[in-house]
*Asks:* 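Got a structure here, written out as structure tokens. Questions coming.
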Amino acid sequence: METEKRPAPYEGLFADGHLVLWTLCSVLLPVFITFWCSLQRSRRQLHRRDIFRKSKHGWRDTDLFSQPTYCCVCAQHILLGAFCDCCGLRVDEGCLKKADKRFPCKEIMLKSDGRALDAMPHHWIRGNVPLCSYCVVCKQQCGSQPKLCDSRCIWCQKTVHDECMKSSLKNEKCDFGEFRNLIIPPSYLTSINQMRKDKKTDYALLASKLGKHWTPLIILANSRSGTNMGEGLLGEFRILLNPVQVFDVTKTPPIKALQLCTLLPYHSARVLVCGGDGTVGWVLDAVDEMKVKGQEKYIPQVAVLPLGTGNDLSNTLGWGTGYAGEVPVAQVLRNVMEADTIKLDRWKVQVTNKGYYNLRKPKEFTMNNYFSIGPDALMALNFHAHREKAPSLFSSRILNKAVYLFYGTKDCLVQECKDLNKKVETRRWFAGGRRCVWLFPLCSDPSEAGKPFSNRAGAYSAVDFEVLHDANAGGWGAVGPGALHGHHNSQDARTHVIFLWRPDG
């Protein structure tokens with residue numbers, strides 16, 4: 001009987017070693033590749049951020065362009081890359097550094113002082129012209145060929161075919177196009193800078209060269225309002241206007257942005273507030289501060305683009321109940337140019353604690369449409385606090401209203417404002433021999449506490465400044481509740497709510 005041949009022990013170990021080796025390779029190789037790709041991606045991001053930080057362009061990253069796009073350097077078709085939200089340049093990631101050195105961005109001020117206000121030349125950018133644009137020479141559609149072709153002036157927004165571009169057109173003076181009455185020309189700021197050095201302030205004489213209909217517009221947008229679309233609107237306004245006119249109020253407070261009005265003729269500036277009721281109130285408070293500083297002659301007229309959740313003040317003034325991008329930004333500017341001027345009442349509300357040993361100073365709030373005390377004010381306060389902590393989570397009006405519903409339901413169960421009528425009372429306040437108007441009486445029924453009131457009749461003479469009103473009152477989107485709110489909760493002392501009447505002048 002033949003004995004079976006047994007494999008040597010080292011042969012089994014050798015086979016097991018191969019299995020272990022291949023298993024380690026199959027596990028570690030993807031991990032190594034992923035780590036290497038993430039390292040290269042982080043290096044590219046640091047390189048882009050370094051270029052963005054040093055560049056005069058307003059570069060922004062994008063993972064997908066919204067229309068067929070070609071790199072302005074290599075002329076290749078690209079799906080992702082970077083674009084300048086001031087001049088509209090679009091480049092591939094690898095051509096970013098070359099484009100930054102080769103192409104100048106919009107100049108907010110001219111380098112030379114000798115150029116006249118009406119001697120601004122065109123600033124042409126080749127390729128990626130807007131859809132449905134037409135040549136200024138032959139009146140045919142531009143950008144119809146699948147390549148980098150045709151040109152656009154970044155100031156007047158005129159487009160022209162490569163074949164129609166003549167030497168005379170290159171040297172032609174730019175008239176700033178349709179929105180010339182809203183744009184602050186770079187040459188104007190250069191002249192203002194020279195006048196301030198010479199200690200001259202006759203801005204009206206300088207502005208007379210720009211025409212009697214020149215009403216420069218300042219954009220104040222809140223990138224956190226409502227649907228968080230303020231960031232995109234900022235870029236679109238920078239393309240159509242001078243970038244120096246466009247501000248993000250989360251980075252530049254309104255009181256600082258409105259100092260640009262002091263470089264303009266008296267009562268000539270207009271302000272477009274892109275945000276909700278809270279943003280509008282913030283801007284109007286900054287206008288009040290301008291009065292305190294003695295800058296009343298520079299106070300602008302105010303228009304509203306409703307980006308918030310409620311937008312009650314915007315709806316009252318005829319600008320609609322919500323904007324979601326359905327109307328082009330150019331049409332928004334046309335609405336501002338055609339808007340009428342009306343008066344807006346503003347009121348002061350003072351809250352004090354009653355007590356013998358009370359050392360707290362009274363708190364003073366400003367009211368535009370209405371204010372409220374009670375559950376609805378607490379609900380708005382909680383919503384505002386959580387949005388400040390995590391603004392990226394509040395990117396939809398529907399989601400915002402769901403959060404409002406959550407806090408409203410919570411208050412019905414917890415009843416933090418229970419017996420509010422026993423803790424709050426109102427008092428009369430006299431000014432100039434006249435008595436203030438009662439607008440928030442002391443409620444005897446706790447269920448009535450906190451109901452808002454509105455200045456509907458406009459019968460009070462507390463006019464502060466002018467706002468812009470859309471005469472067409474067309475509206476721009478969805479309906480939503482909300483307004484400016486004030487909330488005060490006192491557990492151990494009775495609270496006075498004093499409504500202040502503000503005399504004219």
Side-chain angles (χ1 to χ4, degrees), residues 51-52 55-62 65-111 119-138 140-180 183 185-187 232 234-246 328-330 333:
I51 295 177
F52 291 176
S55 176
K56 293 183 179 180
H57 287 275
W59 294 115
R60 295 290 184 271
D61 282 322
T62 181
F65 288 106
S66 58
Q67 67 180 63
T69 303
Y70 300 88
C71 177
C72 64
V73 177
C74 63
Q76 297 296 319
H77 181 264
I78 54 176
L79 295 177
L80 54 87
F83 67 96
C84 177
D85 64 358
C86 293
C87 64
L89 275 177
R90 303 186 179 192
V91 296
D92 190 17
E93 182 181 348
C95 302
L96 181 59
K97 192 172 183 179
K98 293 180 181 179
D100 189 65
K101 293 181 179 180
R102 183 182 302 179
F103 301 102
C105 192
K106 272 187 175 180
E107 294 182 353
I108 61 175
M109 291 179 62
L110 297 180
K111 296 179 181 178
M120 181 78 180
H122 286 290
H123 186 161
W124 299 104
I125 293 293
R126 188 165 183 265
N128 302 310
V129 298
L131 299 176
C132 300
S133 57
Y134 293 89
C135 178
V136 69
V137 177
C138 66
Q140 298 297 318
Q141 186 173 357
C142 291
S144 57
Q145 302 181 33
K147 64 178 182 178
L148 188 73
C149 61
D150 305 335
S151 299
R152 172 184 61 90
C153 176
I154 62 177
W155 286 106
C156 63
Q157 310 303 321
K158 292 179 180 178
T159 55
V160 61
H161 290 124
D162 291 336
E163 299 81 10
C164 299
M165 178 70 76
K166 303 176 183 178
S167 59
S168 59
L169 193 59
K170 290 183 178 180
N171 300 324
E172 183 184 37
K173 293 185 296 186
C174 181
D175 61 356
F176 294 97
E178 180 183 3
F179 304 115
R180 64 177 68 88
I183 296 175
S187 53
L234 286 168
E236 295 188 55
F237 282 120
R238 289 190 185 105
I239 289 179
L240 296 176
L241 304 173
N242 191 332
V244 78
Q245 301 173 235
V246 184
V329 172
L333 295 180

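Everything numeric here is computed off the predicted structure, so don't read it as measured data.
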*Asks:* Side-chain polar contacts of residues 71-88 - donor-acceptor pairs under 3.5 angstrom, sequence neighbours left out - could you list them?
*Replies:*
from  : atom 1 : to     : atom 2 : distance (Å)
Asp85 : OD2    : Arg238 : NH1    : 3.0

*Asks:* So how far is it from Ser187 OG to Met120 CE, rounded to the nearest 0.5 Å?
*Replies:*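 The distance works out to 7.0 Å.
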
*Asks:* Could you note down all residue pairs passing salt bridge (Lys or Arg N to Asp or Glu O under 4.0 Å) where residues 143-153 supplies at least one of them, sequence neighbours left out?
*Replies:*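 Matches after skipping sequence neighbours: none remain.
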
*Asks:* What pairs with Val137 under side chain to side chain contact (heavy atoms under 4.5 Å, CB included), at least two apart in sequence or on another chain?
*Replies:*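 With neighbours one apart ignored, the set is Cys135, Val160, Cys164, Leu169.
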
*Asks:* Please find the pair of heavy atoms, one from Met165 and one from Ser151, that lie closest to each other, and give the distance.
*Replies:*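 Taking every non-hydrogen atom into account, CE-CB, 4.0 Å.
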
*Asks:* Side chains of Pro186 and Asn242, heavy atoms from C-beta outward: is any pair under 4.5 Å?
*Replies:*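 SC-SC contact between Pro186 and Asn242 confirmed.
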
*Asks:* Looking at every non-hydrogen atom in both residues, tell me the closest pair between Lys106 and Ile239 and how far apart they are.
*Replies:*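 Looks like NZ-O, 2.6 Å.
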
*Asks:* Working to the nearest 0.5 angstrom, can you tell me the gap between Leu333 CG and Phe179 CZ?
*Replies:*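 The CZ atom of Phe179 is 5.0 Å from CG of Leu333, to the nearest 0.5 Å.
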
*Asks:* Thr69 side chain to Gln67 main-chain N or O, any donor-acceptor pair under 3.5 Å?
*Replies:*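 Flag set: sc Thr69 to bb Gln67 pair under 3.5 Å.
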
*Asks:* Counting N and O atoms only, with roles assigned by atom type, does the side chain of Tyr134 sit under 3.5 Å from a partner on the main chain of Thr159, one being a donor and the other an acceptor?
*Replies:*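 Side chain of Tyr134 to backbone of Thr159, a donor-acceptor pair under 3.5 Å: no, none is there.
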
*Asks:* Provide the closest heavy-atom pair for Val91 versus Ala99 in the form atom of the first, atom of the second, distance.
*Replies:*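 Heavy atoms only, the tightest pair is CG1-CB, 3.3 Å.
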
*Asks:* Side chains of His123 and Ile125: closer than 4.5 Å at any heavy-atom pair?
*Replies:*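 Of all side-chain heavy-atom pairs linking Ile125 with His123, at least one is under 4.5 Å.
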
*Asks:* Does Cys156 form a side-chain contact (heavy atoms from CB on, under 4.5 Å) with His122? I'd like the steps, not just the answer.
*Replies:* CA-CA 8 Å; Cys156 63; His122 286 290; 3.4 Å; yes

*Asks:* Measure from the side-chain N and O atoms of His161 to the backbone N and O of Cys149, and report whether any donor-acceptor pair falls under 3.5 Å.
*Replies:*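 No, the answer is negative, given that no donor and acceptor are paired below the 3.5 Å cut-off.
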
*Asks:* Side chains of Asp100 and Trp59 only: does a donor on one sit below 3.5 Å from an acceptor on the other?
*Replies:*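 Yes - a donor-acceptor pair under 3.5 Å links their side chains.
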
*Asks:* Is a salt bridge present between Asp175 and Lys158, judged by a nitrogen-to-oxygen distance below 4.0 Å?
*Replies:*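 Looking at Lys158 together with Asp175, the answer is yes, because their closest N to O distance falls below 4.0 Å.
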
*Asks:* Find the distance between SG (Cys105) and NZ (Lys56) and round it off to the nearest 0.5 Å.
*Replies:*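 If we round to the nearest 0.5 Å, Cys105:SG and Lys56:NZ are 10.0 Å apart.
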
*Asks:* Measure the CD1-CD distance between Ile108 and Gln245 for me, rounded to the nearest 0.5 Å.
*Replies:*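 Interatomic distance, Ile108 CD1 to Gln245 CD, rounded to 0.5 Å: 10.5 Å.
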
*Asks:* Just verifying a value: how many Å separate Trp155 CH2 and Arg180 CZ, rounded to the nearest 0.5 Å?
*Replies:*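 It comes to 14.5 Å.
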
*Asks:* Atom CD1 in Ile154, atom SG in Cys174: separation rounded to 0.5 Å?
*Replies:*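 If I round to the nearest 0.5 Å, the distance is 9.0 Å.
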
